[in-house]
Structure formats: structure tokens, C-alpha cells
Amino acid sequence: MAGAKQPRRYRLPAILAAAVAAALLLFSQAVVALEKGTNRSSLLGQPRQWSTGTDEAEILAEAEARGRGRVGGDSAAGEQGGEFESLDSMLQWAIGNSDPDKLREKAAELETLSADELLKRQMEIKELMEKLKMPSDAEFMKTAIADLNNSSVSLEERQRALQELLVLVEPIDNANDLEKLGGLIPLIQELNNADEGIRTTSAWVLGKASQNNVLVQNQILGYGALKRLVNMGYSSSAAEAAKALYAISSLIRDNEHGQELFLSENGYAMLQHILSTDGNNVRLQKKVVSLLAYVADFQLSTGKSQASLLSNHLFIKSVVDMISAPDIDLQEKALLAAKSLLQLTSDDAVDLQKFSGLDDSLYALRVQLDELTSHEERREYALEVEILRREVQILFQQKFNQVRALQHDMKNDK
């Protein structure tokens, strides 16, 4: 989602939420009045189940402080569409939006009720709360999916449904339920929406749902969504391209089939496009080189190399150029990608020639890192990057020596 997961919200109409809060308030006052002449435990069975722990004077004082001159409540009570994060927030909202004088009148009325009348009121409130049990995550998901399937829903409501799903699919059980609830197809269809924001958020939801989840990965891949996501990577909108890359990374991570599909959809050409055309967008560049490093590492671990990673001279050169970028975090990610790509490289001189300029870039980075070590706040990080830089330098030299030795042997064989 995305930030930290938000708590489930109570999506009730404001008037209904206020009714619940008023009922709770009424009962809390009833308990206060009841305690004046009756043993509460004998009447209620569970002494603290319904009590707010606030006496009448405190309630009225709080109402006095919050209520005067206020219309619509405060942000904590969730005035946007009647959304409340807890029943307590409903209560606080009702208090803050009630007339203190009327609250006093209600409190005075309660003092005149008999024990039987108070018990009757308690049962009415319990019945109300039973009717207003909060929907489950699955029910929230069904509602959001229904909005996506409804062509008459406005863009604003559609975006709201997507944002709700973004939070709901974070738990793996909920993500697994997406397909069962019929949510994947409408989400994938939204990737073709004319609105950029809808496309972007849809890709975000798909990425969140499929992250570290092979079941959902394969379900989404089976619907052919990867092709559309690769096309979105060419978007002139950095936000859209970034979320497409996020979704792609989530779909193909630890998924050999996904990586094969990425190759068949010419996904590496899209990555090369970003590196060659978005030179000023460091965020996108970082995503690309991080994805490259991961893909190369996965191929090394599985022993299945995809030749397209090394087939394009400009592609490799773009990674090498990132090592000379002004952003040190990007430089570190480029070093990781170069290290992995070098390990995939054969002893063929042609392959190694694609890394032309690497030696110069590594030397320039060493000078830059030497300067950074003089700054105490950057010294530790600079030393870490320097260790990585040396590893790449050593690996490159080893590859170079292997190629030279192979060429020497071939020459002697002739």
C-alpha cells in the first residue's frame, strides 16, 4: 500500500454512525445513573462490556469543549464520507457535534428512569449494535470490486475503490481471495483505462497483491497482464512507468515463468528505453538497474541465462554510465547490476567489449568516494560503496585476463 497499512475503516453513513455513537453515549449515561441506586453487575452481567469509563460530568465537559461553534466534527472522527476508525471515534464525533444543553437534558431524563426501563434501553442498544456489525475484509473487497465492474461509477469513486483494495490486498490471505471474488479481471482491465491515475493505481494494486505470492503471480500472468504492464513502462508519465515497473518486479520475482514471459514480451527493450530516454529521472533509473541486478542474480542461481541481457551494447553501456551518475545511491545500484551482469558474461571477447568504459567509470567513482570519506556523515556509506566498487573492479579484471588467456591459447593453437 504504498506506506503502513491503515486500520479498517467503518464505512457507515454519517447519520447512522452518529446514531450508533449517540446510543453508546446514552448507555454510558444510563450506567452512570444506574450506579447511583442499583448494583450494576447484577443488572448487566458483564460490568465493563459497555461502559466507556467516563462519568456524566466528564462527558458533558468534553461536549462543551468540542461542540460549540463546530460543524462536521474533527478529522479524528472521520468526517470524510462518515468514515470512522473505531466505535470510540464514533462516540467522540457524536459528542463533539452535539448540543451540550441537550446532552444535559438527556442525562437528567435518564436519572428518572427505573431499573427496568434502563434494562430495556440496554437491550435495544445491544440489538442495534448486532445489526451494525462491521463488514469483513472480504465484504469490503466485494464492494470495491463491484464499483470497478460498474461502468456508471465516477472516476473518483473508481479511484476510491482501487485505493481501498490497495490496503486490503496487503495481507496474503486477502490477496489470495482476489481471484475468488472476481477481482483480478476488472483490475487488469483498468490497466487500459483512459485515465492515467486509474491505470497507475491498478498497476500498484496488482503489484501489491502479487508481491512474494506465487499463486497470485501466476494468476495475473495467466491473464496476460504482463504485456500491458510492459507497454505502460513506455509511458511519458514517470508515475505510471514507476508503478508499472513495480508491478513487473513483483510478478517476475522468484518466478522463472514470469521472467520467461518478460523476455518474450521484449521487456528488456522497455528497460533500455527508460535508461536511454529518462536520463533526468533518477527514481526510474534506480528501479531499472535494481530490476536488472535481481534478474541477473536469479539467472545465476538457476543457471538459466537470458542472452538478451547481454545482446545489446547500448543496454550494457547504459548500466556502465549509471556508475558515473551524480546520485551515489544510483551508483551503488548500478555497481550491483554491473557485478551480476559481469558474472553472466562468457569468456567471449565480444561480450566483454560491451563493458567498454567500465574501467574509466570505476576509476572516476574511486576519486569521488575518496572525497566523500572526508565527510564524517557520509564516510561509512562511502566505504561500503568502495568495497563494492573494488569487487566489480576485480571481477572485471579477472574477466579481462580470462579473455586474453583464451585469445592467447587460440593463437598458439593456430
Side-chain angles (χ1 to χ4, degrees), residues 169-180 183-185 187-188 191 202-234 241-275 284-312 315-316 318-319 333-348 351 354-355 395 399:
V169 301
E170 189 167 347
I172 190 168
D173 289 340
N174 287 353
N176 290 341
D177 285 341
L178 259 181
E179 173 70 345
K180 301 174 188 175
L184 284 183
I185 290 179
L187 273 171
I188 293 169
L191 297 178
S202 298
W204 194 359
V205 175
L206 290 170
K208 181 68 70 69
S210 59
Q211 197 168 42
N212 303 316
N213 190 329
V214 66
L215 173 65
V216 178
Q217 284 177 337
N218 290 332
Q219 289 171 342
I220 296 174
L221 292 170
Y223 283 121
L226 192 59
K227 180 177 182 178
R228 178 59 191 141
L229 289 168
V230 168
N231 289 336
M232 288 173 63
Y234 287 96
K243 285 298 182 285
L245 283 174
Y246 168 72
I248 290 169
S249 179
S250 295
L251 283 171
I252 70 175
R253 186 168 291 273
D254 295 326
N255 192 308
E256 189 173 328
H257 176 58
Q259 296 198 25
E260 291 172 351
L261 287 176
F262 186 62
L263 174 62
S264 67
E265 296 296 347
N266 207 16
Y268 297 115
M270 179 268 292
L271 298 182
Q272 169 59 29
H273 170 80
I274 292 176
L275 289 180
L284 280 179
Q285 290 175 337
K286 289 179 182 179
K287 287 183 177 293
V288 170
V289 293
S290 294
L291 181 57
L292 282 174
Y294 166 73
V295 171
D297 286 340
F298 186 80
Q299 291 173 23
L300 285 168
S301 65
T302 59
K304 295 184 178 181
S305 175
Q306 294 181 8
S308 60
L309 273 173
L310 300 171
S311 62
N312 191 317
F315 195 43
I316 300 298
S318 296
V319 176
K333 287 177 169 58
L335 283 172
L336 289 169
K339 179 182 176 181
S340 299
L341 291 170
L342 276 170
Q343 292 179 80
L344 282 176
T345 305
S346 67
D347 292 334
D348 191 325
D351 276 351
K354 294 185 175 73
F355 290 87
L395 182 58
K399 288 286 183 181

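- Judged by distance alone, with hydrogens and angles left aside, the side-chain atoms of D177 form no donor-acceptor pair with the main-chain N or O of K180 at under 3.5 Å.
- The structure places CD of E179 at 6.5 Å from CD1 of I185, a figure rounded to the nearest 0.5 Å.
- Side-chain contact, Y223 with N218: no donor N or O sits under 3.5 Å from an acceptor N or O.
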Between I252 and L261, is the side-chain contact (heavy atoms from CB on, under 4.5 Å) condition met? List the steps. CA-CA 9 Å; I252 70 175; L261 287 176; over 6 Å; no

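- Side-chain contact between L341 and I316 is present, with heavy atoms from C-beta onward closer than 4.5 Å.
- Looking at heavy atoms from C-beta onward, M270 lies in side-chain contact with L245 at the 4.5 angstrom threshold.
- A donor-acceptor pair under 3.5 Å is absent between the side-chain atoms of S249 and the main chain of Y246, judged by distance alone.
- Counting all heavy atoms, side chain and backbone alike, A203 lies closest to L229 at CB-CD2, 3.9 Å.
- Among all heavy-atom pairs drawn from S210 and S250, the shortest one is OG-CB, 3.5 Å.
- Going from atom CZ of F262 over to atom CG of L251 covers 10.5 Å, rounded to the nearest 0.5 Å.
- Smallest separation of non-hydrogen atoms from A175 and N213: CB-ND2, 3.9 Å.
- In terms of the ring pair (Phe, Tyr, Trp, His ring centres under 6.0 Å) criterion, residue partners of Y234 (sequence neighbours excluded) are, by chain and number, H273.
- Note that OG of S264 and CG of L226 are 7.5 Å apart. Values are rounded to the nearest 0.5 Å.
- Shortest non-hydrogen contact noted between L178 and A209 is CD1-CB, 3.8 Å.
- In this structure, V216 and N176 have side chains that are in contact, with non-hydrogen atoms separated by less than 4.5 Å.
- For the pair Q259/V295, a side-chain contact is recorded, criterion being any heavy-atom separation below 4.5 Å from C-beta on.
- Residues V214 and N255 come closest through the heavy atom pair CG2-ND2, 4.1 Å.
- Rounding to the nearest 0.5 angstrom, the gap separating the CD atom in Q217 from the CG atom in L206 is 12.0 Å.
- If you take NZ on K243 and OG on S202, they are separated by 12.5 Å, rounding to the nearest 0.5 Å.
- Considering OG of S318 and CD of Q285, their distance stands at 9.0 Å, rounded to 0.5 Å.
- Side-chain atoms of V319 and F355, non-hydrogen and from C-beta on, never get closer than 4.5 Å to each other.
- With a 4.5 Å cut-off on side-chain heavy atoms, L292 and V288 count as touching.
- Closest approach of F298 and D254 over heavy atoms only: CE1-CA, 3.6 Å.
- The closest side-chain heavy-atom distance from V289 to L336 is not below 4.5 Å.
- By the salt bridge (charged side-chain N to carboxylate O under 4.0 Å, His left out) test, K333 pairs with D329, sequence neighbours left out.
- Partners of E265 by side chain to side chain donor-acceptor pair (under 3.5 Å), not counting sequence neighbours: none found.
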